[in-house]
Protein chains: 2
Amino acid sequence: MITLTEENYIKAIYHLSKQGAENVNTNALAEAMNTKASSATDMIRKLSEKDYANYKKYKGVTLTETGKRIAINIIRKHRLWEVFLVEKLNFTWDEVHELAEQLEHIKSQKLIDELDIFLGHPTHDPHGDPIPNKDGEITYVEKTLLSQAQVNLRYSCVGVNDSSSEFLQYLNNNNISLGSIIEVMHIEPFDKSINIKANGKLLTVSQSVAKNLYLKKL
Amino acid sequence: MITLTEENYIKAIYHLSKQGAENVNTNALAEAMNTKASSATDMIRKLSEKDYANYKKYKGVTLTETGKRIAINIIRKHRLWEVFLVEKLNFTWDEVHELAEQLEHIKSQKLIDELDIFLGHPTHDPHGDPIPNKDGEITYVEKTLLSQAQVNLRYSCVGVNDSSSEFLQYLNNNNISLGSIIEVMHIEPFDKSINIKANGKLLTVSQSVAKNLYLKKL
DNA sequence: ATAATTATTTAGATTAGTCTAAAAATATAT
DNA sequence: ATATATTTTTAGACTAATCTAAATAATTAT
(Lines give C-alpha, C1' and ligand atoms only; values in the text may rest on other atoms or scores of the structure.)
Protein backbone atom coordinates (compact mmCIF):
# COMPACT_ATOMS: atom_id res chain seq x y z
CA MET A 1 0.00 0.00 0.00
CA ILE A 2 1.24 3.42 -0.93
CA THR A 3 0.96 6.18 1.66
CA LEU A 4 -0.35 9.69 1.14
CA THR A 5 3.12 11.11 1.77
CA GLU A 6 4.70 8.79 -0.74
CA GLU A 7 2.13 9.87 -3.33
CA ASN A 8 2.92 13.50 -2.69
CA TYR A 9 6.66 12.98 -3.04
CA ILE A 10 6.14 11.04 -6.27
CA LYS A 11 4.00 13.83 -7.65
CA ALA A 12 6.59 16.43 -6.65
CA ILE A 13 9.39 14.45 -8.33
CA TYR A 14 7.27 14.18 -11.46
CA HIS A 15 6.57 17.92 -11.63
CA LEU A 16 10.16 18.90 -10.86
CA SER A 17 11.61 16.61 -13.51
CA LYS A 18 9.18 18.08 -16.07
CA GLN A 19 10.29 21.63 -15.43
CA GLY A 20 14.03 21.13 -15.10
CA ALA A 21 16.64 18.42 -15.29
CA GLU A 22 15.38 14.85 -15.41
CA ASN A 23 17.32 14.09 -12.21
CA VAL A 24 15.72 15.86 -9.26
CA ASN A 25 17.99 17.20 -6.50
CA THR A 26 17.40 16.35 -2.89
CA ASN A 27 17.29 20.02 -1.95
CA ALA A 28 14.83 20.91 -4.70
CA LEU A 29 12.56 18.07 -3.64
CA ALA A 30 12.78 19.05 0.02
CA GLU A 31 11.93 22.63 -0.90
CA ALA A 32 8.93 21.54 -2.97
CA MET A 33 7.70 19.33 -0.15
CA ASN A 34 8.31 21.93 2.54
CA THR A 35 10.60 19.62 4.45
CA LYS A 36 14.32 19.35 5.16
CA ALA A 37 16.83 17.67 2.86
CA SER A 38 17.34 14.85 5.35
CA SER A 39 13.66 13.98 5.21
CA ALA A 40 13.77 13.99 1.43
CA THR A 41 16.76 11.65 1.45
CA ASP A 42 14.88 9.22 3.68
CA MET A 43 11.83 9.28 1.47
CA ILE A 44 13.84 8.95 -1.73
CA ARG A 45 15.46 5.85 -0.30
CA LYS A 46 12.06 4.45 0.62
CA LEU A 47 10.64 5.16 -2.84
CA SER A 48 13.58 3.47 -4.47
CA GLU A 49 13.19 0.42 -2.21
CA LYS A 50 9.58 0.21 -3.34
CA ASP A 51 10.69 0.56 -6.93
CA TYR A 52 8.89 3.83 -7.54
CA ALA A 53 12.17 5.73 -8.04
CA ASN A 54 15.72 5.28 -9.23
CA TYR A 55 18.28 6.59 -6.81
CA LYS A 56 22.07 6.84 -6.78
CA LYS A 57 23.48 8.58 -3.74
CA TYR A 58 24.42 12.21 -4.41
CA LYS A 59 23.08 11.90 -7.97
CA GLY A 60 19.47 12.84 -7.51
CA VAL A 61 16.31 10.87 -8.19
CA THR A 62 14.14 9.93 -11.17
CA LEU A 63 10.87 8.04 -11.30
CA THR A 64 10.62 4.46 -12.54
CA GLU A 65 7.89 3.59 -15.02
CA THR A 66 5.74 2.52 -12.08
CA GLY A 67 6.43 5.82 -10.35
CA LYS A 68 5.51 7.79 -13.46
CA ARG A 69 2.30 5.85 -13.84
CA ILE A 70 1.38 6.68 -10.25
CA ALA A 71 2.24 10.36 -10.70
CA ILE A 72 0.18 10.68 -13.88
CA ASN A 73 -2.76 8.95 -12.26
CA ILE A 74 -2.69 11.40 -9.34
CA ILE A 75 -2.50 14.31 -11.76
CA ARG A 76 -5.43 12.90 -13.73
CA LYS A 77 -7.48 12.72 -10.56
CA HIS A 78 -6.42 16.19 -9.44
CA ARG A 79 -7.44 17.79 -12.72
CA LEU A 80 -10.72 15.93 -13.08
CA TRP A 81 -11.70 17.01 -9.58
CA GLU A 82 -10.83 20.60 -10.46
CA VAL A 83 -13.14 20.43 -13.45
CA PHE A 84 -15.87 18.98 -11.26
CA LEU A 85 -15.52 21.72 -8.66
CA VAL A 86 -15.65 24.51 -11.24
CA GLU A 87 -18.28 23.10 -13.58
CA LYS A 88 -20.63 21.51 -11.10
CA LEU A 89 -20.07 23.13 -7.72
CA ASN A 90 -19.59 26.79 -8.62
CA PHE A 91 -15.98 27.05 -7.53
CA THR A 92 -13.75 29.60 -9.27
CA TRP A 93 -10.41 28.65 -10.79
CA ASP A 94 -8.48 30.24 -7.94
CA GLU A 95 -10.30 28.18 -5.28
CA VAL A 96 -9.81 24.64 -6.50
CA HIS A 97 -6.15 23.77 -6.24
CA GLU A 98 -5.81 23.05 -2.52
CA LEU A 99 -9.05 21.15 -2.37
CA ALA A 100 -8.02 19.02 -5.35
CA GLU A 101 -4.80 18.23 -3.46
CA GLN A 102 -7.00 16.44 -0.95
CA LEU A 103 -9.36 14.82 -3.45
CA GLU A 104 -6.58 13.48 -5.67
CA HIS A 105 -5.70 10.91 -2.99
CA ILE A 106 -9.10 9.23 -2.87
CA LYS A 107 -8.60 5.65 -3.95
CA SER A 108 -11.24 4.21 -6.27
CA GLN A 109 -10.81 3.38 -9.91
CA LYS A 110 -14.55 3.36 -10.50
CA LEU A 111 -14.91 6.80 -8.94
CA ILE A 112 -12.46 8.40 -11.31
CA ASP A 113 -13.78 6.53 -14.36
CA GLU A 114 -17.33 7.60 -13.58
CA LEU A 115 -16.32 11.16 -12.77
CA ASP A 116 -14.61 11.34 -16.15
CA ILE A 117 -17.79 10.15 -17.86
CA PHE A 118 -19.98 12.46 -15.77
CA LEU A 119 -17.86 15.44 -16.81
CA GLY A 120 -17.91 14.40 -20.48
CA HIS A 121 -14.23 13.37 -20.75
CA PRO A 122 -12.76 16.85 -20.36
CA THR A 123 -9.33 17.37 -21.91
CA HIS A 124 -8.16 20.33 -19.83
CA ASP A 125 -8.56 21.53 -16.26
CA PRO A 126 -9.70 25.05 -15.32
CA HIS A 127 -6.11 26.34 -15.57
CA GLY A 128 -5.62 24.99 -19.08
CA ASP A 129 -3.53 21.99 -18.04
CA PRO A 130 -4.12 18.78 -19.98
CA ILE A 131 -5.90 15.90 -18.28
CA PRO A 132 -4.14 12.56 -18.84
CA ASN A 133 -6.49 9.94 -20.27
CA LYS A 134 -7.23 6.57 -18.70
CA ASP A 135 -4.09 5.10 -20.26
CA GLY A 136 -1.93 7.91 -18.92
CA GLU A 137 -1.50 9.60 -22.27
CA ILE A 138 -1.17 13.37 -22.18
CA THR A 139 -1.86 15.56 -25.18
CA TYR A 140 0.18 18.73 -25.02
CA VAL A 141 -0.96 21.65 -27.12
CA GLU A 142 1.53 24.16 -28.39
CA LYS A 143 1.66 27.21 -26.21
CA THR A 144 3.88 30.24 -25.68
CA LEU A 145 4.61 32.16 -22.52
CA LEU A 146 3.50 35.76 -22.73
CA SER A 147 7.12 36.60 -21.92
CA GLN A 148 8.11 34.90 -25.21
CA ALA A 149 5.32 36.40 -27.29
CA GLN A 150 5.88 38.67 -30.27
CA VAL A 151 4.84 42.29 -30.55
CA ASN A 152 1.76 43.01 -32.67
CA LEU A 153 0.52 39.45 -32.73
CA ARG A 154 -2.83 38.30 -31.39
CA TYR A 155 -3.06 35.37 -28.99
CA SER A 156 -5.63 33.66 -26.84
CA CYS A 157 -4.97 32.69 -23.27
CA VAL A 158 -4.72 28.89 -22.93
CA GLY A 159 -3.23 28.31 -19.50
CA VAL A 160 -1.21 29.43 -16.53
CA ASN A 161 2.13 28.27 -15.24
CA ASP A 162 1.54 29.38 -11.66
CA SER A 163 -1.87 28.27 -10.43
CA SER A 164 -1.62 29.84 -6.99
CA SER A 165 -4.74 31.66 -5.92
CA GLU A 166 -2.72 34.91 -5.68
CA PHE A 167 -1.83 34.82 -9.36
CA LEU A 168 -5.26 33.66 -10.47
CA GLN A 169 -6.91 36.42 -8.47
CA TYR A 170 -4.60 38.91 -10.14
CA LEU A 171 -5.87 37.63 -13.46
CA ASN A 172 -9.48 37.77 -12.25
CA ASN A 173 -8.98 41.40 -11.22
CA ASN A 174 -7.75 42.16 -14.72
CA ASN A 175 -10.49 40.20 -16.41
CA ILE A 176 -8.19 37.62 -17.89
CA SER A 177 -9.34 34.01 -18.06
CA LEU A 178 -8.95 31.03 -20.37
CA GLY A 179 -9.93 32.13 -23.86
CA SER A 180 -9.20 35.82 -23.32
CA ILE A 181 -7.80 37.59 -26.37
CA ILE A 182 -4.34 39.02 -25.72
CA GLU A 183 -2.58 41.38 -28.09
CA VAL A 184 1.04 42.28 -27.41
CA MET A 185 1.50 46.04 -27.97
CA HIS A 186 4.95 46.88 -26.69
CA ILE A 187 7.77 45.38 -24.64
CA GLU A 188 9.62 47.82 -22.40
CA PRO A 189 13.37 47.12 -22.85
CA PHE A 190 14.29 48.46 -19.40
CA ASP A 191 12.33 46.01 -17.20
CA LYS A 192 10.75 43.73 -19.81
CA SER A 193 7.30 44.76 -18.68
CA ILE A 194 4.74 44.29 -21.44
CA ASN A 195 1.89 46.44 -22.67
CA ILE A 196 -0.94 44.25 -23.78
CA LYS A 197 -4.53 44.61 -24.87
CA ALA A 198 -6.49 42.03 -22.90
CA ASN A 199 -10.05 41.59 -24.16
CA GLY A 200 -9.68 44.99 -25.76
CA LYS A 201 -8.47 46.76 -22.60
CA LEU A 202 -4.95 48.18 -22.29
CA LEU A 203 -2.85 46.78 -19.47
CA THR A 204 0.80 46.67 -18.42
CA VAL A 205 2.06 43.45 -16.89
CA SER A 206 5.39 42.65 -15.25
CA GLN A 207 7.87 39.99 -16.38
CA SER A 208 6.87 37.73 -13.52
CA VAL A 209 3.26 37.86 -14.67
CA ALA A 210 4.33 37.35 -18.29
CA LYS A 211 6.32 34.24 -17.33
CA ASN A 212 3.21 32.62 -15.90
CA LEU A 213 0.66 33.14 -18.63
CA TYR A 214 0.43 30.72 -21.55
CA LEU A 215 -0.87 31.87 -24.93
CA LYS A 216 -1.68 30.34 -28.28
CA LYS A 217 -1.11 32.23 -31.52
CA LEU A 218 -4.36 33.08 -33.31
CA MET B 1 -5.87 20.28 13.75
CA ILE B 2 -7.79 17.08 14.06
CA THR B 3 -6.29 13.94 12.57
CA LEU B 4 -8.04 11.39 10.39
CA THR B 5 -7.72 8.77 13.11
CA GLU B 6 -9.23 11.07 15.71
CA GLU B 7 -12.16 11.72 13.37
CA ASN B 8 -12.73 8.01 12.93
CA TYR B 9 -12.69 7.34 16.67
CA ILE B 10 -15.11 10.20 17.26
CA LYS B 11 -17.45 8.82 14.63
CA ALA B 12 -17.24 5.35 16.15
CA ILE B 13 -18.00 6.68 19.63
CA TYR B 14 -20.98 8.55 18.22
CA HIS B 15 -22.43 5.50 16.48
CA LEU B 16 -21.83 3.20 19.46
CA SER B 17 -23.49 5.56 21.91
CA LYS B 18 -26.53 5.79 19.60
CA GLN B 19 -27.04 2.07 19.48
CA GLY B 20 -26.36 1.19 23.09
CA ALA B 21 -25.49 2.82 26.39
CA GLU B 22 -24.46 6.45 26.27
CA ASN B 23 -21.08 5.55 27.82
CA VAL B 24 -19.00 3.61 25.33
CA ASN B 25 -16.73 0.84 26.62
CA THR B 26 -13.08 0.72 25.74
CA ASN B 27 -13.43 -2.80 24.38
CA ALA B 28 -16.45 -1.97 22.26
CA LEU B 29 -14.62 0.99 20.80
CA ALA B 30 -11.49 -1.04 20.14
CA GLU B 31 -13.60 -3.68 18.42
CA ALA B 32 -15.35 -1.09 16.25
CA MET B 33 -12.02 0.46 15.30
CA ASN B 34 -10.32 -2.87 14.66
CA THR B 35 -7.63 -2.12 17.21
CA LYS B 36 -6.68 -3.35 20.66
CA ALA B 37 -8.13 -2.00 23.89
CA SER B 38 -4.82 -0.40 24.82
CA SER B 39 -4.87 1.66 21.62
CA ALA B 40 -8.42 2.74 22.33
CA THR B 41 -7.44 3.82 25.83
CA ASP B 42 -4.64 5.97 24.44
CA MET B 43 -6.91 7.59 21.90
CA ILE B 44 -9.71 8.17 24.40
CA ARG B 45 -7.23 9.99 26.61
CA LYS B 46 -6.09 12.09 23.67
CA LEU B 47 -9.65 12.96 22.68
CA SER B 48 -10.45 13.98 26.22
CA GLU B 49 -7.32 16.17 26.40
CA LYS B 50 -8.51 17.88 23.23
CA ASP B 51 -11.96 18.27 24.75
CA TYR B 52 -13.74 16.13 22.19
CA ALA B 53 -14.65 13.49 24.78
CA ASN B 54 -15.43 13.06 28.47
CA TYR B 55 -13.44 10.32 30.10
CA LYS B 56 -13.26 8.85 33.58
CA LYS B 57 -10.94 5.89 33.90
CA TYR B 58 -12.75 2.55 33.82
CA LYS B 59 -16.07 4.35 33.25
CA GLY B 60 -16.17 4.55 29.46
CA VAL B 61 -16.29 7.55 27.19
CA THR B 62 -18.91 10.01 25.91
CA LEU B 63 -18.58 12.82 23.39
CA THR B 64 -18.56 16.48 24.42
CA GLU B 65 -20.75 18.92 22.51
CA THR B 66 -17.73 19.70 20.34
CA GLY B 67 -17.18 16.01 19.74
CA LYS B 68 -20.81 15.47 18.79
CA ARG B 69 -20.70 18.39 16.40
CA ILE B 70 -17.65 16.88 14.71
CA ALA B 71 -19.27 13.44 14.50
CA ILE B 72 -22.47 14.78 12.99
CA ASN B 73 -20.54 16.81 10.47
CA ILE B 74 -18.60 13.74 9.34
CA ILE B 75 -21.84 11.78 9.05
CA ARG B 76 -23.38 14.60 7.03
CA LYS B 77 -20.46 14.50 4.63
CA HIS B 78 -20.51 10.71 4.43
CA ARG B 79 -24.18 10.58 3.52
CA LEU B 80 -24.08 13.45 1.04
CA TRP B 81 -21.20 11.77 -0.76
CA GLU B 82 -23.17 8.54 -0.86
CA VAL B 83 -26.07 10.33 -2.52
CA PHE B 84 -23.67 11.89 -5.00
CA LEU B 85 -22.13 8.55 -5.90
CA VAL B 86 -25.48 6.85 -6.44
CA GLU B 87 -27.38 9.68 -8.12
CA LYS B 88 -24.64 11.16 -10.26
CA LEU B 89 -21.97 8.52 -10.75
CA ASN B 90 -24.01 5.34 -11.25
CA PHE B 91 -22.86 3.59 -8.11
CA THR B 92 -25.21 1.07 -6.49
CA TRP B 93 -26.15 1.27 -2.82
CA ASP B 94 -23.88 -1.64 -1.92
CA GLU B 95 -20.80 0.03 -3.44
CA VAL B 96 -20.73 3.40 -1.75
CA HIS B 97 -19.98 2.88 1.92
CA GLU B 98 -16.23 2.31 1.86
CA LEU B 99 -15.65 5.04 -0.66
CA ALA B 100 -17.68 7.50 1.42
CA GLU B 101 -15.46 6.57 4.37
CA GLN B 102 -12.64 8.17 2.45
CA LEU B 103 -14.57 11.14 1.11
CA GLU B 104 -16.05 12.08 4.48
CA HIS B 105 -12.63 13.29 5.64
CA ILE B 106 -12.15 15.88 2.91
CA LYS B 107 -11.93 19.26 4.62
CA SER B 108 -13.80 22.11 2.93
CA GLN B 109 -16.93 23.79 4.18
CA LYS B 110 -17.69 25.21 0.76
CA LEU B 111 -17.38 21.79 -0.85
CA ILE B 112 -20.01 20.26 1.35
CA ASP B 113 -22.33 23.27 1.15
CA GLU B 114 -22.16 23.25 -2.62
CA LEU B 115 -22.52 19.49 -2.86
CA ASP B 116 -25.67 19.76 -0.75
CA ILE B 117 -27.06 22.39 -3.14
CA PHE B 118 -25.98 20.42 -6.21
CA LEU B 119 -27.84 17.36 -4.93
CA GLY B 120 -30.94 19.39 -4.07
CA HIS B 121 -30.64 19.17 -0.27
CA PRO B 122 -31.34 15.45 0.02
CA THR B 123 -32.79 14.32 3.35
CA HIS B 124 -31.74 10.66 3.24
CA ASP B 125 -28.82 8.65 1.93
CA PRO B 126 -29.18 5.60 -0.34
CA HIS B 127 -29.63 3.33 2.69
CA GLY B 128 -32.45 5.42 4.12
CA ASP B 129 -30.36 7.10 6.82
CA PRO B 130 -31.16 10.75 7.52
CA ILE B 131 -28.69 13.42 6.42
CA PRO B 132 -28.00 15.99 9.16
CA ASN B 133 -28.62 19.54 7.94
CA LYS B 134 -26.05 22.35 7.99
CA ASP B 135 -26.87 23.08 11.63
CA GLY B 136 -26.41 19.46 12.63
CA GLU B 137 -30.11 18.78 13.07
CA ILE B 138 -31.25 15.27 12.24
CA THR B 139 -34.85 14.42 11.43
CA TYR B 140 -35.64 10.86 12.39
CA VAL B 141 -38.66 9.24 10.79
CA GLU B 142 -40.54 6.53 12.61
CA LYS B 143 -39.50 3.12 11.47
CA THR B 144 -39.90 -0.48 12.57
CA LEU B 145 -37.55 -3.39 12.17
CA LEU B 146 -39.01 -6.18 10.08
CA SER B 147 -38.33 -8.38 13.12
CA GLN B 148 -40.80 -6.22 15.07
CA ALA B 149 -43.41 -6.01 12.35
CA GLN B 150 -46.95 -7.35 12.67
CA VAL B 151 -48.45 -10.14 10.65
CA ASN B 152 -50.86 -9.14 7.91
CA LEU B 153 -49.82 -5.50 7.80
CA ARG B 154 -48.35 -3.76 4.77
CA TYR B 155 -45.12 -1.79 5.05
CA SER B 156 -42.67 -0.02 2.79
CA CYS B 157 -38.92 -0.44 3.12
CA VAL B 158 -37.35 2.77 4.43
CA GLY B 159 -33.85 1.76 5.44
CA VAL B 160 -31.29 -0.79 6.53
CA ASN B 161 -29.50 -1.25 9.82
CA ASP B 162 -26.54 -3.10 8.36
CA SER B 163 -25.21 -1.36 5.27
CA SER B 164 -22.49 -3.87 4.48
CA SER B 165 -22.26 -4.77 0.83
CA GLU B 166 -23.03 -8.41 1.73
CA PHE B 167 -26.41 -7.54 3.19
CA LEU B 168 -27.26 -5.03 0.48
CA GLN B 169 -26.39 -7.53 -2.21
CA TYR B 170 -28.67 -10.04 -0.51
CA LEU B 171 -31.45 -7.47 -0.79
CA ASN B 172 -30.54 -6.76 -4.42
CA ASN B 173 -30.78 -10.46 -5.19
CA ASN B 174 -34.25 -10.53 -3.69
CA ASN B 175 -35.36 -7.37 -5.43
CA ILE B 176 -35.73 -5.37 -2.25
CA SER B 177 -34.74 -1.73 -2.22
CA LEU B 178 -35.89 1.51 -0.59
CA GLY B 179 -39.61 1.88 -1.27
CA SER B 180 -40.28 -1.81 -1.77
CA ILE B 181 -43.67 -2.96 -0.49
CA ILE B 182 -43.33 -5.59 2.24
CA GLU B 183 -46.26 -7.58 3.55
CA VAL B 184 -45.73 -9.81 6.59
CA MET B 185 -47.47 -13.15 5.99
CA HIS B 186 -46.37 -15.45 8.79
CA ILE B 187 -43.79 -15.66 11.56
CA GLU B 188 -42.39 -19.12 12.21
CA PRO B 189 -42.35 -19.63 15.99
CA PHE B 190 -39.50 -22.15 15.89
CA ASP B 191 -36.73 -19.97 14.46
CA LYS B 192 -38.51 -16.62 14.07
CA SER B 193 -37.99 -16.70 10.33
CA ILE B 194 -40.57 -14.61 8.50
CA ASN B 195 -42.60 -15.23 5.38
CA ILE B 196 -43.09 -11.97 3.56
CA LYS B 197 -44.44 -10.80 0.25
CA ALA B 198 -41.83 -8.40 -1.16
CA ASN B 199 -43.07 -6.46 -4.16
CA GLY B 200 -45.69 -9.16 -4.56
CA LYS B 201 -43.23 -12.07 -4.46
CA LEU B 202 -43.20 -14.61 -1.63
CA LEU B 203 -39.98 -14.89 0.32
CA THR B 204 -38.74 -16.34 3.60
CA VAL B 205 -36.17 -14.31 5.50
CA SER B 206 -34.16 -15.19 8.62
CA GLN B 207 -34.20 -13.33 11.92
CA SER B 208 -30.82 -11.82 11.19
CA VAL B 209 -32.14 -10.37 7.95
CA ALA B 210 -35.31 -9.20 9.69
CA LYS B 211 -33.27 -7.38 12.31
CA ASN B 212 -31.54 -5.31 9.66
CA LEU B 213 -34.43 -4.11 7.54
CA TYR B 214 -36.37 -1.00 8.51
CA LEU B 215 -40.02 -0.62 7.49
CA LYS B 216 -42.70 2.03 7.72
CA LYS B 217 -46.34 1.13 8.23
CA LEU B 218 -48.47 1.96 5.21
C1' DA C 1 -17.61 -11.83 51.15
C1' DT C 2 -14.28 -13.88 48.86
C1' DA C 3 -12.62 -15.98 44.59
C1' DA C 4 -12.62 -16.07 39.74
C1' DT C 5 -13.35 -13.79 35.58
C1' DT C 6 -13.49 -9.93 32.62
C1' DA C 7 -12.42 -5.20 31.41
C1' DT C 8 -9.24 -1.58 31.46
C1' DT C 9 -5.00 0.67 32.00
C1' DT C 10 0.06 1.00 32.12
C1' DA C 11 4.70 0.09 30.49
C1' DG C 12 7.66 -0.48 26.97
C1' DA C 13 8.51 -1.37 22.01
C1' DT C 14 7.62 -0.44 16.84
C1' DT C 15 6.83 2.17 12.40
C1' DA C 16 6.31 6.34 9.40
C1' DG C 17 7.60 10.73 8.81
C1' DT C 18 9.81 14.37 10.51
C1' DC C 19 13.64 17.20 12.78
C1' DT C 20 18.69 19.03 14.15
C1' DA C 21 23.44 18.61 14.05
C1' DA C 22 27.41 16.58 12.31
C1' DA C 23 29.93 14.07 8.72
C1' DA C 24 30.96 13.13 4.02
C1' DA C 25 30.81 13.97 -0.86
C1' DT C 26 30.68 17.09 -4.66
C1' DA C 27 31.21 21.51 -6.88
C1' DT C 28 33.39 26.05 -7.20
C1' DA C 29 36.92 29.54 -6.81
C1' DT C 30 41.27 31.07 -6.56
C1' DA D 1 45.39 21.68 -7.38
C1' DT D 2 44.11 23.05 -3.18
C1' DA D 3 40.91 25.49 -0.23
C1' DT D 4 36.24 26.93 0.35
C1' DA D 5 31.51 26.51 -0.20
C1' DT D 6 27.52 23.86 -1.15
C1' DT D 7 24.88 19.76 -1.28
C1' DT D 8 23.75 15.44 0.45
C1' DT D 9 23.79 11.84 3.68
C1' DT D 10 24.06 9.83 8.31
C1' DA D 11 23.11 9.56 13.20
C1' DG D 12 20.16 10.11 16.74
C1' DA D 13 15.88 12.02 18.61
C1' DC D 14 10.68 13.16 18.50
C1' DT D 15 5.46 12.41 17.71
C1' DA D 16 1.28 9.76 16.43
C1' DA D 17 -0.74 5.53 16.32
C1' DT D 18 -0.19 1.11 17.01
C1' DC D 19 1.17 -3.44 19.38
C1' DT D 20 2.17 -7.17 23.33
C1' DA D 21 2.51 -8.32 27.95
C1' DA D 22 1.83 -7.27 32.58
C1' DA D 23 -0.65 -4.93 36.24
C1' DT D 24 -4.76 -3.16 38.20
C1' DA D 25 -9.74 -2.30 38.70
C1' DA D 26 -14.42 -3.81 38.28
C1' DT D 27 -17.81 -7.32 37.85
C1' DT D 28 -19.79 -11.86 38.50
C1' DA D 29 -20.34 -16.23 40.69
C1' DT D 30 -20.26 -19.05 44.36
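Letters A, B, ... are given to chains in the order of the sequence lines, protein chains preceding strands, and every chain is numbered from 1. Computation of the quantities below employed the complete heavy-atom set of this structure, encompassing side-chain atoms and omitting hydrogens, waters and symmetry-equivalent molecules.
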S.K.: Taking atom C1' of D/dT7 as reference, at what distance in whole Å does atom CG of A/Asn23 sit?
M.R.: 15 Å

S.K.: In whole angstrom, give the distance that lies between atom CE of B/Met43 and atom C1' of D/dT15.
M.R.: 12 Å

S.K.: Whether the side chain of A/Lys192 engages the backbone of A/Ile187 through a donor-acceptor N/O pair (distance < 3.5 Å, no angle test) should be reported.
M.R.: no

S.K.: I want to confirm an ordering. Mapping A/Thr3 and B/Tyr55 to their closest nucleotides on DNA chain C, which one lands closer to the 5' end?
M.R.: B/Tyr55

S.K.: Could you tell me whether a side-chain N or O of A/Gln169 sits under 3.5 Å from a main-chain N or O of A/Glu166, the two making a donor and an acceptor?
M.R.: no

S.K.: With a 4.0 Å cut-off on heavy atoms, is B/Asn25 in touch with a base, just the backbone sugar-phosphate, or nothing at all?
M.R.: sugar-phosphate

S.K.: Ignoring hydrogens and geometry, is there a side-chain-to-backbone donor-acceptor pair from B/Asn23 to B/Lys59 under 3.5 Å?
M.R.: yes

S.K.: Report which part of the nucleic acid A/Thr5 touches: base, sugar-phosphate, or nothing (heavy-atom distance under 4.0 Å, all strands).
M.R.: sugar-phosphate

S.K.: What is the distance, rounded to the nearest whole Å, between atom CD of A/Glu31 and atom C1' of C/dT18?
M.R.: 17 Å

S.K.: Is there a side-chain contact between A/Lys57 and the phosphate of D/dT10, meaning an N or O under 4.0 Å from OP1 or OP2?
M.R.: yes

S.K.: Take the protein atom CD1 of B/Ile44 and the nucleotide atom P of C/dT9, then report the distance between them rounded to whole Å.
M.R.: 6 Å

S.K.: A/Glu49 CD to C/dA16 C1': how many Å, rounded?
M.R.: 13 Å

S.K.: CG of A/Asp42 versus C1' of D/dT9: gap in Å, rounded?
M.R.: 9 Å

S.K.: Please determine whether a side-chain nitrogen or oxygen atom of B/Thr41 lies at a distance below 4.0 Å from atom OP1 or OP2 of C/dT9.
M.R.: yes

S.K.: May I ask you to say whether A/Lys216 pairs ionically with A/Glu142, meaning some side-chain N is under 4.0 Å from a carboxylate O?
M.R.: no

S.K.: Does B/Ser38 contact D/dT20 through a side-chain donor or acceptor facing the base, at a distance under 3.5 Å?
M.R.: yes

S.K.: Report yes if a side-chain nitrogen or oxygen of B/Tyr9 is closer than 4.0 Å to either non-bridging phosphate oxygen (OP1 or OP2) of D/dA16; otherwise report no.
M.R.: no

S.K.: Find the distance B/Glu6:CD to D/dA16:C1' and express it as a whole number of Å.
M.R.: 9 Å

S.K.: May I ask you to verify if any side-chain N or O of B/Thr35 is less than 4.0 angstrom from the OP1 or OP2 atom of D/dT18?
M.R.: no

S.K.: Under 4.0 Å: is that the gap between some side-chain N or O of B/Thr26 and OP1 or OP2 of C/dA7?
M.R.: no

S.K.: What integer distance in Å separates A/Lys56:NZ from C/dA24:C1'?
M.R.: 19 Å

S.K.: Would you indicate, yes or no, if D/dT18 has its OP1 or OP2 atom less than 4.0 angstrom from a side-chain nitrogen or oxygen of B/Lys36?
M.R.: no

S.K.: Whether B/Arg45 contacts C/dT10 is assessed here as follows: a side-chain N or O lying under 4.0 Å from the phosphate OP1 or OP2. Is that the case?
M.R.: yes

S.K.: Verify the contact: side-chain N or O of A/Asn27 to OP1 or OP2 of D/dT8, cut-off strictly under 4.0 Å; return yes or no.
M.R.: yes

S.K.: Please check this pair: side chain of A/Tyr155 against backbone of A/Gln150, looking for a donor-acceptor N/O pair closer than 3.5 Å.
M.R.: yes

